[in-house]
Amino acid sequence: MPYEVPPLPYDYAALEPHIDEATMRVHHDKHHQAYVDKANAALEGTELADRPIEDVIANLSDVPDDKRTTVRNNGGGHLNHTLFWESMSPDGGGEPDGGLADAIATAFGSFSDFQAKVKDTGVAQFGSGWAWLVHDGAGLAVVGTPNQDNPLTDGKTPLLGVDVWEHAYYLKYQNKRPDYIDAWWSTVNWAKVAERFEAAGS
Ligand code: MN3
């Protein structure tokens, strides 16, 4: 089955005022759709076409040489955005609790230190990319990836990612990427992040 853009789990305007409706419409309907279309075109007719996108991105060496970069960029774009929409909620924001909160405190010292590290990583990403909270097998870490690379390719499990491509914020925030990241925290769906944390075998 070809990949499909999953429906947004809330209204396009539901993340206002943090993420504006116009950005959500073009980001979800146009950008994500383009990644899906290009990934499907690259994988069509190969044995990889029926694999979950997580498996493909975790095993890019299985992709034929002439398709690998296209799949890395566009399959990665599909996976990253699928994770991203689910990581936000109109009821988001605040702080995690339970085991995830403890793991963040252990890894980063405090929740605010963790937030600062994500922001620094996102702001420092030259050009386009993502800043991630990952489980690296031993514990939690913050990593940046360029373009549409996903931490799974490096054997790390993504728990939360913030898209720092200009298309994610430019309509509302123009060049002010730090302000966008500050506002984005108010959308984070910590219940979903905790679910991924538990599944990662914390
Ligand atoms: Mn994007």
Side-chain angles (χ1 to χ4, degrees), residues 2-43 52-54 56-58 60 69-90 92-93 118-134 142-154 156-189 192-193 196:
Y3 299 123
E4 293 180 359
V5 177
L8 208 56
Y10 36 77
D11 189 78
Y12 292 98
L15 303 179
E16 295 264 11
H18 315 296
I19 312 289
D20 60 291
E21 178 179 354
T23 294
M24 291 299 290
R25 286 191 181 279
V26 70
H27 200 179
H28 178 272
D29 292 3
K30 305 299 183 186
H31 288 279
H32 192 166
Q33 187 67 55
Y35 296 125
V36 163
D37 292 345
K38 289 172 186 170
N40 285 338
L43 290 171
I53 191 61
E54 292 86 349
V56 174
I57 296 302
L60 281 173
T69 299
T70 300
V71 171
R72 181 179 199 124
N73 291 339
N74 294 285
H78 173 41
L79 173 58
N80 292 347
H81 289 87
T82 299
L83 294 169
F84 188 57
W85 312 132
E86 292 177 347
S87 298
M88 299 187 289
S89 164
V118 171
K119 183 176 180 180
D120 290 348
T121 301
V123 169
Q125 176 62 47
F126 184 74
S128 298
W130 294 72
W132 301 94
L133 171 66
V134 301
V142 169
V143 300
T145 59
N147 306 311
Q148 295 295 356
D149 285 2
N150 185 283
L152 277 176
T153 302
D154 295 324
K156 296 168 184 160
T157 303
L159 305 182
L160 175 66
V162 58
D163 187 345
V164 299
W165 283 59
E166 284 187 344
H167 69 226
Y169 62 86
Y170 208 86
L171 292 180
K172 181 177 174 74
Y173 295 96
Q174 290 81 50
N175 60 316
K176 297 186 286 288
R177 188 188 288 183
D179 291 1
Y180 153 70
I181 296 174
D182 286 344
W184 167 81
W185 289 111
S186 295
T187 73
V188 174
N189 181 351
K192 174 56 72 175
V193 181
R196 292 178 185 147

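Numbers here are sequence positions counted from 1. Order of listing sets the numbers, starting from 1, for every ligand and every atom in it.
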Going by atom type alone, with no hydrogens or angles, which donor-acceptor pairs under 3.5 Å involve a side-chain atom of residues 118-125 and a protein atom two or more places apart or on another chain?
residue: K119; atom: NZ; partner: D182; partner atom: OD1; Å: 3.0
residue: K119; atom: NZ; partner: D182; partner atom: OD2; Å: 3.1
residue: T121; atom: OG1; partner: K117; partner atom: O; Å: 2.8

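With the Mn ion (ligand 1) as the vertex, atom NE2 of H167 and atom NE2 of H81 span an angle of 140° (nearest 10 degrees).
Within D163, the N, O or S atom at minimum distance from the Mn ion (ligand 1) carries the name OD2. The minimum distance between the Mn ion (ligand 1) and any N, O or S atom of H27 involves atom NE2.
Aromatic pair H27/W85: ring centres closer than 6.0 Å. The six-membered or imidazole ring of W130 lies near that of F84, with a centre-to-centre distance under 6.0 Å.
Put simply, H31 stays out of reach of the Mn ion (ligand 1), with no N, O or S atom under 2.8 Å from it. Metal site remark for the Mn ion (ligand 1): H32 contributes no N, O or S atom at a distance under 2.8 Å.
Remark: the backbone N or O of L79 is not paired with any side-chain donor or acceptor of E54 at under 3.5 angstrom.
Side chains of Y12 and D29: a donor-acceptor N/O pair is present below 3.5 angstrom, by distance only.
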